[in-house]
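Presented below is the structure to which this report refers.
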Protein chains: 2
Amino acid sequence: MKKFETHTSTCPIVHTMSYIGGKWKPIILGRLLNGAVRFGKLAVQIPDISRKILTEQLKELEEDGLIIRHSYSEKPPRVEYELSEIGQTVIPVLMAMTELGSKMHEAITQHKRSAARAHR
Amino acid sequence: MKKFETHTSTCPIVHTMSYIGGKWKPIILGRLLNGAVRFGKLAVQIPDISRKILTEQLKELEEDGLIIRHSYSEKPPRVEYELSEIGQTVIPVLMAMTELGSKMHEAITQHKRSAARAHR
DNA sequence: ATTGGCGGTAACGTTTATGTAACTAAAAGC
DNA sequence: GCTTTTAGTTACATAAACGTTACCGCCAAT
């Protein structure tokens, strides 16, 4: 079994969280799973994110090399983002998180109902 | 292939992040993989977390039903935390994150070196 | 020359997460 | 009833993340 190191600067989990953690990065990455998507489409598909934050997160992901930015100088300018090779490696984690999220959410909702019932 | 929903309140990834996201929760959960651990030991094993935050995060994990708190009224009081059944379900994600973290960190470090070299 | 779509940036404000220091509770042994 | 150990809590402060609003730069079509 893998070691779960403690020392903050060497723990692999800490690294993972620093690259794909935060409120929006996993969602953005999830949107790029099926190929390149342009900026405007991302903004529409993730309605609750502000454009500023979207730009910011995309820039961080690009700096870390998880995504690639393609800028086409066209009639209306077009900018697309797609997963890089490094970015592809996060797919299993995204899948595991998706898998877990739906199951766990039900279980926890259930758990909280019981807990609420219990302390009455 | 799984759907990666967008709507913030239904996206499974968002749920996952809300339960095990944040700076410390994945680390704490990682420490509980091999069975119950007492409060003091957690504090020692995760040196950079303050006791207040540790308490706080443990309480949240307990409220969500991911961990179980056992309090023994003994000579020096003893409190142990262990993964619940729900908590066990996050193990695959933790493993995937660990797996990813070490590989990706190297790749990204490498990538950033090249990027730095490029813009000189 | 002006308008409209796209992909931003700048200045500023708010919220949420995390941190520090000092204090408390409970029980066993003396 | 005082001390020691463990596991907290309270009050306060700081930092990191996120959000809002308004504006900029480019180009093609009118």
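In what follows, every chain begins at residue 1, and chains take the letters A, B, ... in the order their sequences are listed. Just so it is clear, the values below take in all heavy atoms, side chains as well, and ignore hydrogens, waters and symmetry mates.
In this structure, B:R38 reaches the D:dA7 phosphate: one of its side-chain N or O atoms is under 4.0 Å from OP1 or OP2. Taking only side-chain nitrogens and oxygens, A:R69 comes nearer than 4.0 Å to OP1 or OP2 of C:dG8. Note on A:Y72: every side-chain N or O is 4.0 Å or more away from OP1 and OP2 of D:dC27. Distances shorter than 4.0 Å separate some side-chain N or O of B:K23 from OP1 or OP2 on C:dG19.
Distance, A:R78 CZ to D:dA28 C1': 16 Å, rounded to whole Å. Atom OH in A:Y81 sits about 15 Å away from atom P in C:dC6, given to the nearest Å. Between the C1' atom of C:dG5 and the CZ atom of A:F39 lies a distance of 13 Å, rounded to the nearest Å. In this structure, A:I49 atom CD1 and D:dT20 atom C1' are separated by 14 Å, rounded to whole Å. In this structure, the NZ atom of B:K41 is 12 Å from the P atom of D:dA7, given to the nearest Å. What separates NZ of B:K75 from P of D:dA7 is a distance of 14 Å, to the nearest Å. Rounding to whole angstrom units, CD of residue B:E80 and P of D:dA7 are separated by 9 Å.
Of all the residues in residues 51-59 of chain B, B:K52, B:I53, B:E56, B:Q57 reach under 4.0 Å from DNA chain C with at least one non-hydrogen atom.
At a threshold of 4.0 Å, the pair B:E63-B:K59 does not count as salt-bridged, since none of the basic side-chain nitrogens sits closer than that to a carboxylate oxygen. Between A:E99 and A:K103 there is a salt bridge, with a side-chain nitrogen of the basic residue lying less than 4.0 Å from a carboxylate oxygen of the acidic one. Between B:K25 and B:E60 there is a salt bridge, since a side-chain N of the basic residue sits under 4.0 Å from a carboxylate O of the acidic one.
Enclosure of atom CD in A:E85 is not indicated, since only 12 or fewer non-hydrogen atoms of other residues, nucleotides or ligands lie within 6.0 angstrom. For B:E106, the CD atom counts as loosely surrounded, since its 6.0 Å shell holds 12 or fewer non-hydrogen atoms of other residues, nucleotides or ligands.
Sequence order on DNA chain D of the closest nucleotides to B:G40 and A:D48 puts B:G40 first from the 5' end.
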Problem set entry | Trace of the side-chain contact (heavy atoms from CB on, under 4.5 Å) decision for A:D64 with B:H111 | CA-CA 7 Å; A:D64 287 341; B:H111 165 85; 6.0 Å; no
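Defined by atom type and a distance below 3.5 Å, a donor-acceptor pair is present between the side-chain atoms of B:H105 and A:Y19.
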